Amino acid sequence: MMKVLWIALLAAGVLVGCDKDKQIIESNKDALQKSIDEQKDAVGAAAKDAKKQAEATKDATQAQLDAEKKKLEAQAEADKAKVDAQKK
């Protein structure tokens with residue numbers, strides 16, 4: 001009878017120990033999943049910021065190129081006018 005009681009107590013202890021191990025594993029899994037989700041969010045935010053920065057750089061570069069084009073066109077018109085004035 002005493003042997004059966006000890007075996008029962010031992011089995012109960014093993015089951016409790018297994019449940020705790022499973023609980024720890026589940027807790028670790030949840031923590032890792034949360035960490036991965038946070039990293040995904042951070043990467044997404046960084047990509048969004050990089051896209052905005054690239055768009056702003058593109059717009060600034062385009063504006064600079066447009067200004068240079070207008071300047072060259074104005075210089076060409078001035079040079080043409082100068083040539084026309086010299087012919088007269």
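Since we're looking at a predicted model, the values are computed, not measured.
- For residues 33-46, the side chain to side chain donor-acceptor pair (under 3.5 Å) pairs, not counting sequence neighbours, are Q33-D37.
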Next item on the list: In sequence, state the C-alpha distance, the side-chain angles, and the governing distance for K71 and E68, and then conclude on salt bridge (charged side-chain N to carboxylate O under 4.0 Å, His left out).
Entry: CA-CA 5 Å; K71 181 180 174 184; E68 287 180 28; over 6 Å; no
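- A 6.0 Å sphere centred on CD of Q64 holds no more than 12 heavy atoms belonging to other residues, nucleotides or ligands.
- In this structure, T61 contributes its side chain and T57 its backbone to a donor-acceptor pair below 3.5 Å.
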Checklist line | Full working for side chain to side chain contact (heavy atoms under 4.5 Å, CB included) between K69 and L65 | finding: CA-CA 6 Å; K69 180 180 175 184; L65 292 172; over 6 Å; no
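- Contact check on K58 versus E55 returns a salt bridge, with a Lys/Arg side-chain nitrogen under 4.0 Å from an Asp/Glu carboxylate oxygen.
- Qualifying salt bridge (charged side-chain N to carboxylate O under 4.0 Å, His left out) partners for E73, counting only residues two or more places apart in sequence or in other chains: none.
- With contacts defined as side-chain heavy-atom distances shorter than 4.5 Å, the pair D49/Q53 does not qualify.
- To the nearest 0.5 Å, the span separating CG on D79 from CG on D84 amounts to 11.0 Å.
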